There are 2 protein chains.
Amino acid sequence: MLSISEENYLKTIFNLSDSGKKQVSTNSISKFLKTKPSSVTDMIKKLTVKKLLYHKKYKGTNISSNGKKLAIQIIRKHRLWEVFLYEKLKFKWDEVHKIAEELEHISNEKLIDKLDKYLKYPKIDPHGDPIPNKDGKIDIKQIIKLSNLSIKDVCIVSNVNDEDGNLLEYLNKIKIHIGCKIKVFDVIDFDKSLEIEIDSRNKVFISNRVAENILVTKIN
Amino acid sequence: MLSISEENYLKTIFNLSDSGKKQVSTNSISKFLKTKPSSVTDMIKKLTVKKLLYHKKYKGTNISSNGKKLAIQIIRKHRLWEVFLYEKLKFKWDEVHKIAEELEHISNEKLIDKLDKYLKYPKIDPHGDPIPNKDGKIDIKQIIKLSNLSIKDVCIVSNVNDEDGNLLEYLNKIKIHIGCKIKVFDVIDFDKSLEIEIDSRNKVFISNRVAENILVTKIN
DNA sequence: TAAATATTTTAGACAAATCTAAAAATTATT
DNA sequence: AATAATTTTTAGATTTGTCTAAAATATTTA
Ligand SMILES: [Mn+2]
Ligand SMILES: [Mn+2]
Ligand SMILES: [Mn+2]
Ligand SMILES: [Mn+2]
């Protein structure tokens, strides 16, 4: 059994490593979790003893296959709770992440199984992130950043960064949501901002920064 | 903001004090929470500084009105989650208490408001305990122990002790549940055990000990 | 009411998770 | 390659919640 802190570190390392593909630096973990690098070093040692991480002094950290399995189960819980909060309790999509950060640490396998069933085995969370199944398997779609599209491209929004509440609020305002259709009308050379049309209705300009945080699947 | 430990102590003291009516001994808290008396003394000091308890060395502990308010809100959360687990996720009534012990510590007022609404503002939890409303008000019914009834009395089960999973499992087995009707057929002089008929169907004997843990409202 | 017993508190220790300050190692710059 | 800057680790401290052992107080029993 892991403590809440251990779970948060493990999940963060899994995410920062791009699902275990890359090495993670001590500083990046410390920045993400808003703890000091020295605290991160301590926790890395602890999780390494538990064989959830590999670590060589001064070199960087990799997640082990056991670590991956545990991290994916935490993510599964997080995203199922997000669906519950969004679908059943009618929270806005920019409110669910913070609450799910707490709910994800409740450990009872039967609870998660029953929640999954109750929600009818959802495949994605309210931000378009895939929900791992009980065995840890994750459906991955071919997705690209909206900022990579060109004039006249059309796409469906499949995912947005759920870490930043301000971004989600802004997307609410301009009516961008998971599953909506976006057509690129113009790409401004000066700052790479985009003029887009959302669901064949409202036309707006969005910055390149915003476009980088919206993941889409091209449909033409 | 209270820690999970502080919340558990506060709730325990509220319950052991019979909703604030009685003084609570250090040992009784320690027994209930399975911690040592010295740990209890430490926590009492901390909660006294926060003005949630009154305490005089060697004399005993009383809960303050602020402490009562907080305890009632934790109980509200606990019982609402129990209703969710029982009604929506279809857990058995003997399974929900343990999980609710964790869920009750998630602190987000909007979450509890929305959960309450979603469950249609339930008045009692799966064990018949009243759910305090948002302002902390609790409906109290005229309830007595089943063990206090006499031959030919009829009653409705309104509450059972939810702390002991074994009791709940046993009640499941003999089909006693909240709202069921019980008629007393005989009271055995020797050990005060009862012969009862449940919902005009199955007749069984139950021990005095069991009858003491079933609260009912008389209907004749 | 004095002694025995039980309860409660104090003193000091420990593990977990964090921090600051300083040392060690790595990486970037001249 | 030497120096400067950055990153990472170590050493030691702090807070929270727990423990054991012993001391202080209260209660029960003889
Ligand atoms: Mn999230
Ligand atoms: Mn979390
Ligand atoms: Mn309960
Ligand atoms: Mn609890």
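Below, chains carry the letters A, B, ... as their sequence lines are ordered, and counting in each starts from 1. The structure presented is a predicted model; accordingly, all values stated were derived computationally and were not measured.
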Going by atom types alone, do A:S64 and A:N66 pair a side-chain donor with an acceptor below 3.5 Å?
-> no
Atom pair distance, as rounded to whole Å: CE in B:M43 and P in D:dT15 = 16 Å
Sugar-phosphate atoms are those with a prime plus P, OP1 and OP2; base atoms are the rest. Using that split, label each nucleotide of nucleotides 6-13 of chain C B, S or - for protein heavy atoms under 4.0 Å, 5' to 3'.
-> -SBBB---
For B:L33 and D:dC19, what is the distance between atoms CG and C1' respectively, to the nearest whole Å?
-> 15 Å
Do any pairs count as a side-chain hydrogen bond (donor to acceptor under 3.5 Å, both in side chains) and have a residue in residues 47-57 of chain B, sequence neighbours left out, and if so which ones?
-> B:E6-B:K50, B:H55-B:T61
In terms of side-chain heavy atoms, does A:S28 have a donor or acceptor partner in A:S25 at a distance below 3.5 Å?
-> yes
Figure out the CD1/P separation between B:I29 and D:dT18, and round it to whole Å.
-> 13 Å
Within residues 59-90 of chain A or reaching into it, pairs that qualify as ring pair (Phe, Tyr, Trp, His ring centres under 6.0 Å) - sequence neighbours excluded | A:H78-A:H97, A:W81-A:F84, A:F84-B:F84
Residues forming a side chain to side chain contact (heavy atoms under 4.5 Å, CB included) with B:N8, sequence neighbours excluded | B:I4, B:E101, B:E104, B:H105
Note: A:K77 and A:E7 closest approach over all heavy atoms is NZ-OE2, 4.5 Å
Do B:N172 and B:D94 get their side chains close enough for a donor-acceptor pair, meaning under 3.5 Å?
-> yes
Salt bridge (charged side-chain N to carboxylate O under 4.0 Å, His left out) involving A:K218 - partner list, sequence neighbours excluded = A:D153
In numerical order, the residues of residues 5-23 of chain A whose heavy atoms come under 4.0 Å of DNA chain D are none
